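Taking it in order: structure first as structure tokens, then the write-up.
This one's a predicted model, so the numbers in the text were calculated from it and none came from an experiment.
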There are 2 protein chains.
Amino acid sequence: MPELKIESGSGMQANVEPLQLGKRLREIRKSLNLTLEEASQKTGLARSTLSKIENEQISPTFTAVQKLANGLQIDIPQLFAKPRTTMASGRRVLTKSGQGTPHPTSTYEHELLSTDLARKKMVPFKTRVRARSFDDFDDWVRHEGEEFLLVLEGELALYTEFYEPVAMVAGDSMYYDANMGHALVSLSETDALVLWIVAR
Amino acid sequence: MPELKIESGSGMQANVEPLQLGKRLREIRKSLNLTLEEASQKTGLARSTLSKIENEQISPTFTAVQKLANGLQIDIPQLFAKPRTTMASGRRVLTKSGQGTPHPTSTYEHELLSTDLARKKMVPFKTRVRARSFDDFDDWVRHEGEEFLLVLEGELALYTEFYEPVAMVAGDSMYYDANMGHALVSLSETDALVLWIVAR
DNA sequence: GGGAAATATTTCCTATACGCTATTTTATTG
DNA sequence: CAATAAAATAGCGTATAGGAAATATTTCCC
């Protein structure tokens, strides 16, 4: 399959230079290896209509754009946005079980599940919360961003600033604003295991 | 690769819900303290046209949208983007095991682990990949953002566009750019269970 | 509340987007 | 290279977006 090409010279404001929607759409369709006929099936728009849009012979209505976005699985802001410079396209990092980068602290034992994290949107950990860790709990953790956690093993309590603490068992998950003070303590005799993801 | 058509209601897609462009535009115009007449002057579109667009009586062409964006000094991606306002400080959402919002498709069974997801940075799923789902695999999934996944149960293969497929077992995790085509298939006789997080 | 000014909506006409079918162009195969 | 298939484009009728002016609605005085 062909490489997804990314425009380089698009200005940041859409009004500065007139965003070549048709060209963009053609590139996307090509990168998906679709013919006009196939794209037509997926989007519900006629072959000829797609052709005209791509050749900038007509200016699609917003409903047409919606059908396009839905059918080709592209989201609309992305369609109009200037190309972002993120992680190089085609990158992936596999972490085999237990092979993450260790990161121990007194209460927790973090295992970083993805390297090269500077440019990423999320930072995934697998964290072992030591048994009976309540004594070590003195102050809230608090930082920018949002967190998601899923209990993999054991039982623990999540303390959060504006709420009562909540007990969690394997399978339970929590999503919260990391600016709100938070802390995890194990309730069980054995360690608890948690998947922990932080987004900036 | 075998034949199958693409699900349009996968829930990971950004544009499943209608997106009320007209309502949005009216809000913007009001917030700028502009009358239809003034907006008309700035955009070059007729009063009546603006009115119809705001009342969703017509679907503006892309050229009309460009004029609007130009005249009112808004950039187009922003116009279509969902409200990016971060979650109100101090918020949290607990999801007990098995109590997420179900979201079934032909190959996968998604359980959404956090409600009110539009404003969040991450969208967490727990996904059951049906046993022997290989036959259903037709085309890459591809969208804006980055994904992290952790295998909770079973064995499966992650196919990614620029690499060889990789086999994963419980405890293995993967971080990748979602613009790169990707697809998960189960290798085992039983279903596989995966934690899946998408960041925009 | 009545009247006038400001603002928004509706009407009607013209311009153009969209779909169907025909035609041209590009790719494939012997 | 010819013949054929596949894909993209063009032509034309119909549906709908866009603009000018008329009508309706709201706002603001007194």
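Atom CG in A/L36 sits roughly 15 Å away from atom C1' in C/dC20 (whole-Å rounding). Atom CZ in A/F62 sits about 17 Å away from atom C1' in C/dC18, given to the nearest Å. Atom CG of A/L34 and atom C1' of D/dA6 are 15 Å apart (whole Å). Spacing between atom CD of A/E38 and atom C1' of D/dA6 amounts to 11 Å, rounded to whole angstrom units.
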Its contact letters, B for base, S for sugar-phosphate only and - for none at protein heavy atoms under 4.0 Å, make nucleotides 18-26 of chain D read BBBBB----
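With rounding to the nearest 0.5 angstrom, the CD atom of A/E54 is 4.0 Å from the CZ atom of A/R26.
The residue B/E54 sits apart from the nucleic acid: no heavy atom pair falls under 4.0 Å.
In this model, the phosphate group of D/dT9 is approached by a side-chain N or O of A/N55 to a distance below 4.0 Å at OP1 or OP2. One finds a side-chain N or O of A/R29 lying less than 4.0 angstrom from the OP1 or OP2 phosphate oxygen of D/dA8.
At a cut-off of 3.5 Å, with distance as the only test, no side-chain donor of B/Y176 or B/E146 sits close to an acceptor on the other residue.
For the pair B/L150 and B/W196, the minimum side-chain heavy-atom distance is 4.5 Å or more. Side-chain contact between A/M168 and A/M174 is present, with at least one heavy-atom pair separated by less than 4.5 Å.
Between B/E147 and B/V198 the shortest heavy-atom distance is OE2-CG2, 3.8 Å.
Looking at B/R128 and B/E111, no side-chain N of the basic residue comes within less than 4.0 Å of a carboxylate O on the acidic one, giving no salt bridge.
Comparing the axis of the opening five pairs of the helix from C/dG1-D/dC30 to C/dG30-D/dC1 with that of the closing five pairs yields an angle of 40°, rounded to 10°.
The backbone N or O of A/F62 sits less than 3.5 Å from a side-chain atom of B/S59, completing a donor-acceptor pair.
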